[in-house]
Asks: 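Have a look at this one before I ask anything.
None of the values given here were measured: they were computed from a predicted structure. Within every chain, numbering begins at 1; the chains are lettered A, B, ... in the order of the sequence lines, protein sequences first and strands thereafter.
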There are 2 protein chains.
Amino acid sequence: MSTAPLEHDSLVAPVTLADIAREAGTSPSTASRALSGRGYVSEAARDRLLAVADRLGYVPNASARTLKHRRSRVVGVVLSDLDNQFYARLAAGIEQVLREANYQMMVLGDNSEPAEEVEGARTFLAMRAPGVIMTPVGSGATELLRSQGTAVVEVDRRLASVPCDAVLIDNERGAREATMHLAGLGHTRIALLGVETDWTSDAGRLQGYRTGLRNARLPLDENLVVRIPPHAPDIEPRIEALIDDHAPTAIFAANNLLAEHVWQVLRRRGLRIPHDISLVGFDDVPWMAMVDPPITVVEQPTLELGRRAARLLLRRLGGPALAPAVEILQPRLVVRGSTGPASL
Amino acid sequence: MSTAPLEHDSLVAPVTLADIAREAGTSPSTASRALSGRGYVSEAARDRLLAVADRLGYVPNASARTLKHRRSRVVGVVLSDLDNQFYARLAAGIEQVLREANYQMMVLGDNSEPAEEVEGARTFLAMRAPGVIMTPVGSGATELLRSQGTAVVEVDRRLASVPCDAVLIDNERGAREATMHLAGLGHTRIALLGVETDWTSDAGRLQGYRTGLRNARLPLDENLVVRIPPHAPDIEPRIEALIDDHAPTAIFAANNLLAEHVWQVLRRRGLRIPHDISLVGFDDVPWMAMVDPPITVVEQPTLELGRRAARLLLRRLGGPALAPAVEILQPRLVVRGSTGPASL
DNA sequence: CTGTTAGCGCGTTCAG
DNA sequence: CTGAACGCGCTAACAG
């Protein structure tokens, strides 16, 4: 292994258009035309320029370009939790279509904090990103972005007070189906474990739960509705309290993280699923199909959610004055082994 | 939900330093000094400038800055597989320390393809990133970057033909311990499932497996060594063939993805772990502790790996002429339920 | 302490 | 078809 000192970096200056122009004996503007493919350049000059550029390893300076064009090719993405596979898949979907359209994706996490979200928005404003896709946690970021003329697409939930595009899941329906599935198995004490936010996603899931109960002619017991704030340090104790104090026979966990916590609590307590208690999750993630029994879940078309968001953004970049579009995707109940007849 | 057309975006021009200077009655350079905090500015002028900037929602143009400074605040990160939680955690670790140092992280995936990796390198060259951290899949990207004076840190494996910093895991030791653990349980037919690459990580794991066998006075049966190329479409069939044709009593899967495939095959075949066959993985990821039985694994300090890489990069940015540093982190064998006495 | 000048690298006029 | 000139927004050097 070599331990020789590296060449002194600061001496190596990146090659510029002017360099390759000089080398090829043309003016910088001709070089620009040749390399960007726009404008007239003689066959001969082009070939020469291209060859030199290649030989010197020319890489166009994106900043100079952005400065000139007044917007970059970077689309910003702000997500709530980069560690959560749901958001990771969302990003993957977005990236797929952005890449095809020749845009770079830059992902930032905001830890579900409005302040960090605004921070992210400022970053993308600074980079002169033409648009930003986000899972909003507050309305400030969107407002800031929109006020400066940056396109915004909200994914997974809708929060903006200003008009903007969005692509969502029919949360109400997903939650309703999950609840009715449990009711159909004879459960009467079905708990809802949700997030304490003002997000439309959580509101929709709560609403769907209520409607599901009503459809099943079941009373709503507020004690069985537990809503946990995003950064609560005591998620599992709260779940334990729910079980101890109100003896649900089934729990509907409204996102994959909560489902995981419920699962951990049940396992730790030695409660058998679904014999002692049934569990339904929201957001299908790999572990849910691997554990025993596998988890019944409301599956979302997560990758597609991301793709649609990106397409909506591209559409908007093409037509800034279009009316805002809101797309709703359908979730699907996947029944696996974690739900069974009520045990009383 | 409003359906009114958005305001016509193109009319909104971002506010510039010149704007706020004019508004405050100073020259642009004074405004620059006030807002960047560098250079002398009178108390009065500064306050006035700051107030105006705030009122107008001024956001500095990053491209202009980068153009001027000749380098941006964006550190590039190129990873093999963004869907793999190992790489996701690596990114999280990197981000932590970069953020503290006031750098932006931009992550790109290369699907383990050298060509895409080079593509990523060009992207960061174009953005004038001061440095790039990557899990290398070829040597081209690093060479390109280094040749243009961009700092490079390799993580998880070492591949560069030019000197550069790196932070690695002691793969040899991890694999050796895993192998000896199995041998200690009485296994004599221990299979190694690895990746067919020229990466140091895979070479180290293979080496550790060999040494482990030797230490345990076990013969090396080449039939029990299966190496699968990165994008092989038939991973599980190959695992099945290994089991059918060579009847290993234990399998050491050299990364989390391979471990998952082995687990799926064993489950599908109804083979009981560890009764019928033992399994050890490499890279601890959440599902491994959730399945039944939980998987014995060689755990890596993944987050720390990322942090160290970022620190190494920051160090390098501060001293371009320093001798290259290579840090080695230690993995740890975590014995869980998937390994037991040989069944014969 | 402040303003003027100049230039980072590129692309887009506009003459030739 | 080509080159000269200019400006995108910001900051460093230099006078004042």
Side-chain angles (χ1 to χ4, degrees), chain A residues 10 12-50 52-53 56-73 122 124-130 148-149, chain B residues 10 12-50 52-53 56-73 122 124-130 148-149:
Chain A
S10 28
V12 202
V15 11
T16 77
L17 216 37
D19 294 333
I20 87 116
R22 187 169 349 96
E23 192 82 5
T26 79
S27 75
S29 14
T30 301
S32 170
R33 284 189 290 257
L35 297 183
S36 71
R38 268 186 293 274
Y40 299 98
V41 185
S42 70
E43 196 82 12
R46 186 201 326 286
D47 292 349
R48 202 145 30 90
L49 259 347
L50 253 29
V52 175
L56 267 44
Y58 171 67
V59 180
N61 184 324
S63 300
R65 245 182 205 169
T66 297
L67 189 56
K68 180 71 190 170
H69 289 149
R70 316 176 83 159
R71 44 187 37 190
S72 74
R73 298 293 298 181
R122 296 179 66 88
F124 292 130
L125 240 23
M127 302 180 78
R128 294 301 185 262
Q148 310 263 325
Chain B
S10 28
V12 204
V15 10
T16 76
L17 216 38
D19 294 333
I20 87 118
R22 188 170 348 98
E23 193 83 6
T26 79
S27 76
S29 17
T30 302
S32 171
R33 285 188 290 255
L35 297 182
S36 72
R38 270 187 292 274
Y40 299 98
V41 185
S42 71
E43 195 82 12
R46 186 200 326 284
D47 291 348
R48 204 147 28 93
L49 258 349
L50 254 30
V52 175
L56 266 45
Y58 171 68
V59 180
N61 184 324
S63 300
R65 254 192 196 157
T66 297
L67 189 57
K68 180 71 189 170
H69 289 152
R70 318 176 82 161
R71 43 189 38 191
S72 73
R73 298 294 297 180
R122 297 180 64 88
F124 292 131
L125 240 22
M127 302 180 78
R128 294 301 184 262
Q148 311 262 322

Asks: Measure the distance from CD on B:E43 to P on C:dC1 and round it to the nearest whole Å.
Replies: 9 Å
Asks: NA contact type, A:S36, heavy-atom cut-off 4.0 Å: base, sugar-phosphate, or nothing?
Replies: nothing
Asks: Please tabulate, for side-chain N and O atoms in residues 14-23 of chain A, each donor-acceptor pair with protein atoms closer than 3.5 Å (sequence neighbours left out).
Replies:
from, atom 1, to, atom 2, distance (Å)
A:T16, OG1, A:A18, N, 3.1
A:T16, OG1, A:D19, N, 3.2
A:D19, OD1, A:R22, NH2, 3.0
A:D19, OD2, A:T16, N, 2.8
A:E23, OE2, A:R55, NH2, 3.4

Asks: May I have the distance from A:L17 (atom CG) to C:dT12 (atom C1'), rounded to whole angstrom?
Replies: 13 Å
Asks: Which sits closer to the 5' end of DNA chain C, B:S27 or A:S63, going by the nucleotide each is nearest to?
Replies: B:S27
Asks: I'd like a table of atom pairs between the protein and nucleotides 13-16 of chain C - only N or O on both sides, under 3.5 Å - with the distance next to each one.
Replies:
none

Asks: Say whether, by atom type as modelled, one donor and one acceptor occur between the side chain of A:R70 and the main chain of A:L67 under 3.5 angstrom.
Replies: no
Asks: Using whole Å, report how far OH of A:Y58 lies from C1' of C:dG9.
Replies: 8 Å
Asks: Please work out if B:P14 contacts a base, only the sugar-phosphate, or nothing of the nucleic acid, heavy-atom cut-off 4.0 Å.
Replies: nothing
Asks: What is the separation between atom CG on A:N61 and atom C1' on C:dG7, rounded to the nearest whole Å?
Replies: 13 Å
Asks: Choosing from C:dC10, C:dT12, C:dT2, which nucleotide comes nearest the side chain of A:T16?
Replies: C:dC10
Asks: Which salt bridge (charged side-chain N to carboxylate O under 4.0 Å, His left out) pairs, counting each pair once, include a residue from residues 26-37 of chain B, with sequence neighbours left out?
Replies: none
Asks: Could you give the start and end, 5' to 3', of the contact zone on DNA chain D for chain A, using atoms under 4.0 Å from its heavy atoms?
Replies: D:dC1 to D:dG9
Asks: Please check this pair: side chain of A:R48 against backbone of A:A24, looking for a donor-acceptor N/O pair closer than 3.5 Å.
Replies: yes
Asks: Hey, is the side chain of B:R70 poking within less than 4.0 Å of OP1 or OP2 on C:dG9, counting only N and O atoms?
Replies: yes
Asks: Provide, to the nearest angstrom, the distance between the CZ atom belonging to A:R71 and the P atom belonging to C:dG11.
Replies: 17 Å
Asks: Nearest whole Å is fine: how far is C:dG9 P from B:L67 CG?
Replies: 7 Å
Asks: Please report the distance, rounded to the nearest Å, between NZ in A:K68 and P in C:dG7.
Replies: 18 Å
Asks: Using a 4.0 Å heavy-atom cut-off across all strands, classify A:S32 as base, sugar-phosphate, or nothing.
Replies: base
Asks: Look at the side chain of B:S72 and the backbone N and O of B:T66, then say whether any donor-acceptor pair between them is shorter than 3.5 Å.
Replies: no
Asks: State the CZ-CZ distance between A:R65 and A:R73, to the nearest 0.5 angstrom.
Replies: 9.5 Å
Asks: At 4.0 Å (heavy atoms only), tell me whether A:P28 reaches a base, stays on the sugar-phosphate, or touches nothing.
Replies: nothing
Asks: Within this structure, what is the CZ-CD distance for the pair A:R122 and A:Q148, rounded to the nearest 0.5 Å?
Replies: 8.5 Å
Asks: Calculate, to the nearest 0.5 Å, the distance between atoms CZ and OG belonging to B:R71 and A:S63 respectively.
Replies: 12.0 Å
Asks: Between the axis at one end of the helix from C:dC1-D:dG16 to C:dG16-D:dC1 and the axis at the other (five pairs apiece), what's the angle to 10 degrees?
Replies: 50°
Asks: If you look only at distance, which donor and acceptor atoms sit under 3.5 Å apart when one is on a side chain in residues 34-43 of chain A and the other is two or more places apart or in another chain?
Replies:
from, atom 1, to, atom 2, distance (Å)
A:S36, OG, A:S32, O, 2.9
A:S36, OG, A:R38, N, 3.4
A:S42, OG, A:A45, N, 3.2

Asks: Using whole Å, what does the distance between atom C1' of nucleotide C:dC10 and atom CZ of A:R22 come to?
Replies: 15 Å
